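It should be emphasised that the depicted structure is a prediction, and the values quoted were computed from it without experimental measurement.
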Amino acid sequence: MSSNFTNPSASLPSPHRSGCTRRAACTAALALGLALTATLTGCTAGPRPPAAAGPTVSASASASASAHAAADSRERLTVDGGTREYLMHRSAAEGAGPRPLLIAFHGRGADAENLRKQSGLDRAAEARGMLVVYPEALGKAWGAGTAPSAQRPDPDADVRFTEALVTELVRTGRADPHRVYVAGFSNGGSMALRVAAQRPDLVAGAASVSGELPTGAAAVKPTGPVPVLIVYGAEDPVRPLAGLPSPGPAGPGEEPITATMSARASAEAFAAAGGAGDPAEEGKPGYDSVTWRPGPAGATVRLLVMHGAGHTWPGSAVPPPAGFGPVSTALDASGTVLDFLSAGRR
């Protein structure tokens, strides 16, 4: 079992990134030997991502009926000659015109519906007039690191998929290109950080819950100013707060587990890329907050460390798998994440 797993959802002051222009930029999980039988489990290796050289896209999205509201759909997009899927949630009361877009990446071994239930992001997004898209990973894992593997010979395929998804939603008038945000849990959180690090011209903010920046051979380095929020459990037994300096063991046939730096080092890397000032630390009921003063571009970077929490989504009503540790109730991660992100524009 890996560290990039899904588990579900006090807001803080929002960051501001006013009037800044991003520089165009160039261009994930500890295995845990747990026998999990809940529907959220399962770390199976899947089909390889496409190894095409560029983000060739065919706009071939199609909707199907959903068990949720009529505004929910499962859609498809052809990228690099292959078909990728995603869930989309639109408020039934949503008006015409482009909306702020949140792309939410699920954890390793899970899927889009798992994150949707775990996080409660739909409700939080509706309250803020946002469009939410939950992409499906190939083989239930994201290429959050830059190193190729036997299972993932093209480590950049998921970055191109994200770019293509944004392009399609903007082209069809559903998403506002100036208000595109990425977030995720665990391996999905690391994926969100990778997109922000390598495509600061694409997104107006990123948030990671229980996910850190890859390091070592798969290292990802921020290349421009982006508002970033990292929410982490102080007692995470799956992917420690201090990071994973060496890759953990993977099951037979599974993609190798990517080493990561600590949660604080991940935040510091984004702060440095944005020219941020010294951090301000503050103790809150149930968690500690560290905020780096915005640099010239106005990109705030913040780290929240939840006291006594595990590899879980703070505020979630869905119980985590055995061995993942407790869920913090000190704040609602979904509301906190969206309040932070929605203040940013590109």
Just checking, is any N or O donor in the side chain of Ser210 or Trp313 under 3.5 Å from an acceptor N or O on the other one?
-> no

Side-chain contact test, heavy atoms from C-beta onward, threshold under 4.5 Å: evaluate it for Glu235 versus His307 and give yes or no.
-> no

Ion pair check, Glu282 and Lys284, cut-off under 4.0 Å = yes

Write down the atom of Pro155, the atom of Ala147, and the distance for their closest heavy-atom approach.
-> CB-O, 3.7 Å

Under a 4.5 Å cut-off applied to non-hydrogen side-chain atoms, are Arg76 and Tyr86 in contact?
-> no

With rounding to the nearest 0.5 Å, note down the distance linking CG in Leu303 to CG in Asp288.
-> 9.0 Å

Between Tyr232 and Glu212, does any side-chain donor sit less than 3.5 Å from a side-chain acceptor?
-> yes

Quick one: are Asp339 and Val337 in side-chain contact, heavy atoms under 4.5 Å?
-> no

Test side-chain contact (heavy atoms from CB on, under 4.5 Å) on Val228 and Leu193 and set out the steps.
-> CA-CA 8 Å; Val228 168; Leu193 295 181; 3.9 Å; yes

Just say parallel, tilted or perpendicular for the rings of Trp142 and Phe161, cut-offs at 30° and 60°.
-> parallel

Is any NZ, NE, NH1 or NH2 atom of the basic residue among Arg346 and Asp201 found under 4.0 Å from an Asp or Glu carboxylate oxygen of the other?
-> no

Heavy-atom distance under 4.5 Å between the side chains of Met88 and Asp72, does that happen here?
-> no

To the nearest 0.5 Å, what is the distance between OH (Tyr287) and OG1 (Thr336)?
-> 6.5 Å

At what distance, to the nearest 0.5 angstrom, does NZ of Lys140 lie from CD of Glu255?
-> 15.0 Å

Check: Leu331 and Leu304 side chains under 4.5 Å, non-hydrogen atoms | yes

Just do the side-chain contact (heavy atoms from CB on, under 4.5 Å) check on Ser73 and Arg90 with the steps written out, would you?
-> CA-CA 9 Å; Ser73 60; Arg90 291 170 291 173; 4.2 Å; yes

Scanning both residues in full, the closest heavy-atom pair of Gly275 with Pro296 reads O-CD, 3.8 Å

Taking atom CD1 of Ile230 and atom CD of Glu268, what is their separation to the nearest 0.5 Å?
-> 10.0 Å

Would you give the length of the straight line joining atom CG of Leu338 to atom CG of Leu102, rounded to the nearest 0.5 angstrom?
-> 6.0 Å

Decide, yes or no, whether a salt bridge links Arg116 with Glu113 under the criterion of side-chain N to carboxylate O below 4.0 Å.
-> yes

Do Val159 and Met191 touch side chain to side chain, with heavy atoms closer than 4.5 Å?
-> yes

Could Arg194 and Asp156 be called an ion pair, given the rule that one side-chain N must be under 4.0 Å from one carboxylate O?
-> yes

Assess whether salt bridge (Lys or Arg N to Asp or Glu O under 4.0 Å) is satisfied between Glu136 and Arg84, documenting all intermediate values.
-> CA-CA 7 Å; Glu136 297 282 9; Arg84 303 295 298 262; over 6 Å; no

If we ignore angles and hydrogens, is there a donor and acceptor under 3.5 Å between the side chains of Arg302 and Thr291?
-> yes

Stepwise salt bridge (Lys or Arg N to Asp or Glu O under 4.0 Å) test for Asp176 and Arg99 = CA-CA 5 Å; Asp176 180 349; Arg99 311 297 298 174; over 6 Å; no

For the ring pair His311 and Phe324, is the centre-to-centre distance below 6.0 Å?
-> yes

Heavy-atom nearest pair, Val301 first then Val226, reads CG2-O, 4.2 Å

With distance as the sole criterion, is a donor-acceptor pair present between the side chains of Arg264 and Ser262 under 3.5 Å?
-> no

Going from CG on Asp111 to NZ on Lys117, what distance comes out if it is rounded to the nearest 0.5 angstrom?
-> 8.5 Å

Just by modelled atom types, is the Val170 backbone N or O under 3.5 Å from a matching donor or acceptor in the Arg174 side chain?
-> no

When every non-hydrogen atom of Ala192 is compared with those of Ala207, the smallest separation belongs to CB-O, 3.8 Å

Hey, are Asn114 and Tyr134 close enough side-chain-wise for a donor-acceptor pair under 3.5 Å?
-> no

Mind checking whether Pro314 and Asp332 have side chains closer than 4.5 Å, heavy atoms only?
-> no

Check: Ser208 side chain, Gly211 main-chain N or O, donor-acceptor pair, under 3.5 Å | yes

Would you check, one step at a time, whether the test salt bridge (Lys or Arg N to Asp or Glu O under 4.0 Å) holds for Asp158 with Arg152?
-> CA-CA 10 Å; Asp158 286 336; Arg152 193 179 298 274; 3.1 Å; yes

Test side-chain contact (heavy atoms from CB on, under 4.5 Å) applied to Phe340 and Thr300, step by step | CA-CA 9 Å; Phe340 179 94; Thr300 296; 4.1 Å; yes

Given side chains that start at C-beta, do those of Arg74 and Glu85 come closer than 4.5 Å, heavy atoms only?
-> yes

Measure across Thr260 and Thr215 and return the closest heavy-atom pair with its distance rounded to 0.1 Å.
-> C-CG2, 3.6 Å

Flag, side chain of Ser328 to backbone of Ala330, donor-acceptor distance under 3.5 Å = yes

Mind running side-chain contact (heavy atoms from CB on, under 4.5 Å) on Val220 and Thr146 for me, showing each step along the way?
-> CA-CA 7 Å; Val220 172; Thr146 56; 3.8 Å; yes

Does a side-chain N-to-carboxylate-O contact under 4.0 Å join Glu163 and Arg199?
-> yes

All heavy atoms of Thr162 vs all of Ile103, minimum pair found to be CG2-CD1, 4.1 Å

